[in-house]
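To keep things clear, I will list the structure first and then write my remarks on it.
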Amino acid sequence: MSFVINFKSHIAELFAQALREVAPDAAQIDILIERPKQASHGDYACNLAMQLAKPLRKSPRDIAQALIAALPASEVIEKVEIAGAGFINLFLTKAAKQAIVHAVLHAGAGYGHIHLGAGRKLQVEFVSANPTGPLHVGHGRGAAVGDCLCNVLHAAGWNVTREFYYNDAGAQIENLMRSVQLRCKGITPDDPSWPEGGYRGDYIADVARAYMAMETVEADDQRTTGKGDADDEVAIRHFAVAYLRREQDLDLRAFNVEFDVFSLESALYSEGKVEETVSRLVASGHTYEQDDALWLRTTDFGDDKDRVMRKSDGGYTYFVPDVAYHLDKWRRGFVRVINEQGADHHSTITRVRAGLQALDIGIPKDWPDYVLHQMVTVLKNGEEVKISKRAGSYVTLRDLIDEVGCDATRYFLAARHPDSQLVFDIDLAKSKTNDNPVYYIQYAHARISTVLETWGGERLSLLQADFSLLDSEYETALLQLMIDYPQVIESAAQDLAPHLVAFYLKDLASAFHSYYNASRFLVDDEAVKCARLALIAAAAQVMSNGLALLGVSAPEKM
RNA sequence: GUGCCCAUAGCUCAACCGGAUAGAGCACCAGCCUUCUAAGCUGGGGGUUACAGGUUCGAUUCCUGUUGGGCACACCA
C-alpha cells in the first residue's frame with residue numbers, strides 16, 4: 001500500500017509548500033491542521049488564510065484561493081473548498097480512508113506506535129509511597145495515571161523506565177518501628193501510652209505478629225526474616241519496612257502495575273550521594289551559613305525563600321536527598337524525567353529545580369517535568385467514605401480493587417484530567433449496566449470477537465478484502481476514528497494526558513455500537529461480508545491496543 | 001496573608017495549545033430484540049461556558065480582577 005496514512009502531517013506539508021509560494025516572507029508561520037467538528041466541513045481544515053490576512057493585508061478568501069492554487073497535487077485529496085470566513089476544508093478520497101483497514105490489520109498490536117520519542121531515555125517516577133502502610137486511593141490514582149502515561153510514552157517511541165522511590169529512613173519510619181514494637185509487646189492504640197505520631201491501623205498488628213512468628217517476607221527489592229525479639233529496634237525497623245513494601249508490591253501487582261527500578265532514600269546516604277551533593281552546592285557558591293545552619297540560596301532560582309540544607313543539629317533536611325536523587329537521575333542519562341505525584345507535593349517543584357540549577361552543571365530550568373494529580377474522594381451509597389478496616393484512617397487501593405475490580409478501578413482513576421479533582425463513585429464503577437464506560441468499551445470488543453468467532457474464517461484472509469465496499473456513514477465514521485488513533489497517542493504523550501486515550505476509546509466504541517445496530521456483518525454477499533469483517537476486526541485491534549495502554553483487559557466474551 | 005490547581009446541561013465529564021451551530025454519558029420523555037451479545041441502538045427537551053472587564057477577524061480556551069472549592073506554605077518527611 002502506497003497510501004499516506006498520517007494525513008495530518010501530509011496535508012501540513014502540502015500547505016507548507018503552498019505557503020512558500022504564496023507568501024515567502026511568512027514561511028515561518030505555524031501551520032495548523034485540524035479535524036472539523038462537522039462532516040460537512042470536510043475531513044481536515046486549515047486556517048492559514050485567516051492567519052495570513054493581516055500580514056498580507058488581503059482578504060482571507062483571496063489568500064485561500066491563492067493557497068489552493070499553489071497546493072501540490074495529492075492522490076489522497078478528493079476536493080478542497082473555501083468556507084466561512086476563510087477556512088480551507090479538505091476532503092479525503094474514499095480509497096485513502098479505506099486503506100486504514102489494511103494498515104491496522106497489518107500493523108496489529110503495533111498500530112499507533114509512533115516515533116516521537118525516537119528511542120530516547122525517559123523516566124517516570126510514580127507512586128513512591130513511603131513503606132508505612134497500605135497504598136491509599138491517592139496512590140491508586142498515581143499508579144493508574146503514571147502507568148498509563150508510561151504505556152503511552154512507550155507507544156510514542158520513548159525508552160521508558162518506571163521508577164518507585166521511597167523513604168526508608170526518616171522520622172516516619174521511626175514511628176512505624178515504634179508502633180510495631182508496641183504491638184509486639186501487646187500494647188494497642190487505645191492505650192494511653194500510645195505515641196502521638198504512632199500508626200493505629202490494624203495492619204500494624206499484622207506486621208508485629210509476623211515479626212514475632214519469625215516469618216520471611218520478600219518484596220521486589222528485598223528479603224527479610226523476622227527475629228521475634230521485641231527489643232531489637234534495628235531488626236523491627238528492617239522487617240516492618242520489608243513487610244509493608246511487600247504488601248504494596250502485592251497491591252500494585254493486583255493493579256497490574258510493575259516497576260523497573262526501586263530507589264531507596266537510605267542508599268543516597270550510604271553511597272555518599274547526599275554528601276557529594278552538599279559539597280557540590282557549597283562549591284558552586286550558592287550556599288551560606290546562618291544561625292548554625294547551612295542554607296541554599298534557592299531565591300536566586302525562583303523560590304520564595306531560601307532553604308535549609310543542614311540543620312543546626314547537624315542533620316540534613318529532606319530537601320537535600322531530593323536534590324541528590326534528581327542529580328542521580330540526571331547522571332543516569334534521562335533526557336526527560338516526569339514525576340507523577342499528588343498535588344499536595346507541588347511546593348517541592350520549585351525547590352528541586354532550584355537545587356538542580358544551583359549545581360551549575362547545565363540541567364535545563366524546567367527539568368524534571370511534573371504531573372500532579374488532584375485529590376480523590378470516594379463515594380458509596382451517595383456518601384463519602386473516609387476509612388477502611390485495615391488502614392483505619394483512609395480508603396486503601398486494595399479496597400477498591402477488591403470491590404470493583406482492577407479494570408474498572410484503573411479506568412476510573414486514569415480517565416480524568418489529572419488536574420481536576422476526582423470523585424470515585426463505587427456504585428457506578430461496580431454497576432454492570434450502560435452507566436459504566438469501562439463495560440461499554442469492553443462490550444464493543446467482546447461483540448466483535450463474537451462475530452468473528454461465529455464467522456470462523458481465517459483472519460489473515462481479511463487483508464485481501466475489497467475495502468472499497470466500505471462506504472456507509474457508519475463505516476466512514478469508524479475509518480476516520482481509526483485514522484485518528486496515532487494522533488491521539490501523540491497528543492496524550494505531548495500533553496502528558498493519558499485520559500485522552502480513555503475518551504477516544506469511548507468514541508470508537510460508540511461508533512462501533514451504532515454500526516452494529518444499523519447493519520449486519522455476516523451477510524450472504526461474500527465480498528461485502530469480508531469487507532465488513534475486516535473493518536470491525538481492525539476496530540477491535542485498535543480497541544485492544546488502546547485498552548492495553550490503559551492497563552484494562554480486552555475480553556473476548558462478556 | 002502568599003503561591004499552585006479547578007469552576008462548562010440537574011449530575012459526572014469532553015472540547016484536537018484561539019476557530020465554524022460548545023459535545024457525550026447518567027437522569028427525564030418517546031421508540032427498537034423470532035437475526036452476529038439490549039452491558040446495545042434511534043429520536044426529543046435541557047447552556048448567558050461562575051461573574052465583570054480586556055486583547056482580535058474570532059475567546060470555554062489567552063490577560064486582569066471578583067466569587068466559590070481544593071492543596072501547599074518548618075532548621076518534619
Side-chain angles (χ1 to χ4, degrees), chain A residues 8 30 32-38 40-41 45 47 50-51 53-54 59-60 83-87 89 130 132 167 169-173 197 265 290-295 304-305 307-319 321-322 342-350 372-375 377 415-423 425 428 431-444 446-455 484 487-488 490-491 494-495 499-500 502-504 506-507 509-510 512-523 532-533 536 557-558:
Chain A
K8 213 166 186 173
D30 266 353
L32 193 67
I33 305 297
E34 53 185 17
R35 298 276 336 276
K37 287 169 189 157
Q38 280 185 66
S40 62
H41 293 152
N47 63 354
M50 278 131 88
Q51 292 177 288
K54 201 163 211 181
S59 90
F87 289 100
N89 294 336
N130 286 334
T132 53
N167 182 332
Q172 78 278 25
I173 297 297
E265 184 180 17
Q290 185 183 309
D291 304 331
D292 295 327
L294 178 67
W295 296 71
D304 54 352
K305 55 179 285 193
R307 302 292 163 180
V308 170
M309 296 169 60
R310 194 194 303 116
K311 297 180 279 181
S312 50
D313 69 4
Y316 292 115
T317 58
Y318 73 99
F319 163 70
D322 266 5
D344 51 342
H345 290 89
H346 70 79
S347 57
T348 68
I349 298 179
T350 316
L372 301 181
H373 62 260
Q374 297 288 324
M375 270 187 60
T377 44
R416 292 257 176 294
H417 191 107
D419 275 348
S420 43
Q421 288 166 238
L422 168 63
V423 177
D425 186 335
L428 174 61
S431 72
K432 303 208 165 179
T433 69
N434 45 358
D435 309 5
N436 194 329
V438 195
Y439 296 118
Y440 183 81
I441 298 164
Q442 291 182 319
Y443 186 51
R447 271 182 149 178
I448 297 174
S449 299
T450 304
V451 174
L452 291 172
E453 195 177 319
T454 306
W455 168 59
D484 289 342
Q487 288 292 324
V488 173
E490 187 178 325
S491 301
Q494 272 175 343
D495 301 348
H499 70 287
L500 294 175
F503 282 99
Y504 169 82
K506 254 202 299 196
D507 289 344
S510 171
F512 167 73
H513 284 309
S514 294
Y515 184 34
Y516 184 96
N517 276 272
S519 21
R520 279 192 66 77
F521 310 124
L522 299 175
V523 293
R532 291 180 179 175
L533 289 175
I536 63 172
K557 277 190 172 36
M558 282 177 75

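- Contact annotation: side chain of A:Ser420 to base of B:rC6, donor-acceptor pair absent below 3.5 Å.
- Counting non-hydrogen atoms under 4.0 angstrom, A:Thr132 reaches nothing in the nucleic acid.
- Listed nucleotides B:rA39, B:rA14, B:rC41 differ in distance to A:Tyr439; the shortest reach to its side chain belongs to B:rA39.
- Residue-to-nucleotide contacts include no donor-acceptor pair under 3.5 Å from the side chain of A:Asp419 to the base of B:rA7.
- Across the P atoms, B:rG46 and B:rA22 are found 13 Å apart, a figure rounded to whole Å.
- Base orientation of B:rC62: anti (glycosidic angle beyond 90° from 0).
- A:Asn47 has its CG atom 18 Å from the P atom of B:rU56, to the nearest Å.
- A distance of about 25 Å separates the P atoms of B:rG23 and B:rC63, rounded to the whole Å.
- A:Lys37 has no side-chain polar atom (N or O) that falls below the 4.0 Å cut-off from OP1 or OP2 of B:rG23.
- What separates CG of A:Asn517 from P of B:rC32 is a distance of 14 Å, to the nearest Å.
- Closest to the A:Gln38 side chain, of the nucleotides B:rC36, B:rA20, B:rC75, is B:rA20.
- The A:Tyr318 side chain lies nearest to B:rA77 when the options are B:rU37, B:rA20, B:rA77.
- An OP1 or OP2 oxygen of B:rA39 is reached within less than 4.0 angstrom by no side-chain nitrogen or oxygen of A:Arg447.
- Nearest to the side-chain atoms of A:Asp291 among the listed nucleotides B:rC75, B:rA39, B:rC5 stands B:rC75.
- Atom CZ in A:Phe512 sits about 10 Å away from atom P in B:rC41, given to the nearest Å.
- Residue side chain A:Tyr443 does not reach the base of B:rA39 through any donor-acceptor N/O pair under 3.5 Å, judged by distance alone.
- Stacking is not found between A:Tyr440 and the pyrimidine-like six-membered ring of the B:rG25 base under the 5.5 Å centre-distance and 30° plane-angle cut-offs.
- Rounded to the nearest Å, the gap between the P atom of B:rA52 and that of B:rU61 is 13 Å.
- Remark: P of B:rA24 and NE2 of A:His499 are 18 Å apart, rounded to the nearest angstrom.
- With a cut-off of 3.5 Å on both Watson-Crick or G-U wobble distances, the partner of B:rA39 is given as none.
- Of the nucleotides present, B:rG65 is the one that pairs with B:rC51 by Watson-Crick or G-U wobble criteria, both distances under 3.5 Å.
- Within the nucleic acid shown, A:His345 has no heavy atom closer than 4.0 Å to any nucleic acid atom.
- Among the nucleotides B:rC36, B:rA20, B:rA77, the one closest to any side-chain atom of A:Leu522 is B:rC36.
- The side chain of A:Ala293 lies closest to B:rC75 when the candidates are B:rA14, B:rC36, B:rC75.
- Both A:Leu452 and A:Leu372 lie close to RNA chain B; mapped to their nearest nucleotides by heavy-atom distance, the more 5′-ward contact belongs to A:Leu372.
- B:rG43 and B:rG25 have their P atoms separated by 10 Å, with the value rounded to a whole Å.
- Put simply, the side chain of A:Leu422 does not reach to within 4.5 Å of the side chain of A:Gln374, judged on heavy atoms.
- Side-chain contact of A:His373 with A:Arg416: a donor-acceptor pair under 3.5 Å is absent, judged by distance alone.
- Listed for the A:Trp295 side chain is a donor-acceptor partner under 3.5 Å among the backbone atoms of A:Gln290.
- Considering only side-chain atoms of A:Phe87, the nucleotide from B:rG19, B:rU35, B:rC17 that sits closest is B:rG19.
- A gap of 28 Å separates the P atoms of B:rG10 and B:rG54, to the nearest Å.
- A cation-pi geometry, defined here as NZ or CZ lying under 6.0 Å from the six-membered ring centre and within 45° of its normal, holds between A:Arg447 and A:Tyr516.
- Across A:Phe319 and A:Met309, no two heavy atoms sit closer than the pair CE2-CG, 4.1 Å.
- What you find for A:Ser312 and A:Asp291 is that their closest heavy atoms are CB-O, 3.9 Å.
- Across all strands shown, A:Ile349 has no heavy atoms under 4.0 Å from either base or sugar-phosphate atoms.
- Shown here for A:Ala343 and A:Leu372, the closest heavy-atom pair between the two residues is CA-CB, 4.0 Å.
- Here B:rU37 is the nucleotide among B:rU37, B:rA77, B:rA74 with the atom lying nearest to any side-chain atom of A:Thr450.
- Residue A:Ser514 places at least one side-chain N or O closer than 4.0 Å to OP1 or OP2 of B:rU42.
- Ranking B:rA77, B:rU56, B:rC36 by closeness to the A:Lys54 side chain, first place goes to B:rU56.
- If you take atom C1' in B:rG70 and the same atom in B:rA30, they sit 42 Å apart, rounded to whole Å.
- Other residues, nucleotides and ligands contribute more than 12 heavy atoms inside 6.0 Å of the CD atom of A:Gln494.
- At a threshold of 4.0 angstrom between heavy atoms, the contacts of A:Ala518 with the nucleic acid are absent.
- Regarding A:Asp344, its CG atom lies at a distance of 16 Å from the C1' atom of B:rC6, rounded to whole Å.
- Looking only at distances, a side-chain donor or acceptor of A:Asp313 sits under 3.5 Å from a matching main-chain atom of A:Gly315.
- As rounded to whole Å, 12 Å separates atom P of B:rU12 from atom CG of A:Leu428.
- Within 4.0 Å (heavy atoms only), A:Met50 reaches at least one base atom of the nucleic acid.
- Here A:Asp495 lies in heavy-atom contact (under 4.0 Å) with a base.
- Residue A:His513 contributes atom NE2, which lies 10 Å from atom P of B:rA39 at whole-angstrom precision.
- Spacing of C1' atoms, B:rU12 relative to B:rC33, comes out at 30 Å, to the nearest Å.
- Residue contacts for A:Arg416: at a heavy-atom cut-off of 4.0 Å it reaches the sugar-phosphate backbone alone, with no base atom in range.
- Remark: B:rC73 base-pairs with B:rG1; criterion is Watson-Crick or G-U wobble with both hydrogen-bond distances under 3.5 Å.
- At the heavy-atom level, A:Ser347 lies under 4.0 Å from the strands shown only through sugar-phosphate atoms.
- In this entry the distance linking OH of A:Tyr504 with P of B:rG23 reads 21 Å, nearest Å.
- Picking from B:rA77, B:rA20, B:rG70 the nucleotide with the shortest atom distance to the side chain of A:Gln421 gives B:rG70.
- Each of A:Phe521 and A:Phe503 has a nearest nucleotide on RNA chain B; the 5'-most of these lies closest to A:Phe503.
- In terms of phosphate contacts, A:Arg35 brings no side-chain nitrogen or oxygen within less than 4.0 Å of OP1 or OP2 of B:rC16.
- Ring-to-base geometry does not place A:His346 in a stacked arrangement with B:rA72 (centre distance under 5.5 Å, plane angle under 30° required).
- Looking at A:Asn167 and A:Gln172, their side chains come closer than 4.5 Å, going by heavy atoms from C-beta outward.
- Among the protein residues, A:Asp30 comes within range of no part of the nucleic acid, since none of its heavy atoms lies under 4.0 Å from any strand.
- Distance check on atom C1': B:rC57 versus B:rG65 gives 27 Å, rounded to whole Å.
- Nucleotide B:rU12 forms a Watson-Crick or G-U wobble pair with B:rA24, both donor-acceptor distances falling under 3.5 Å.
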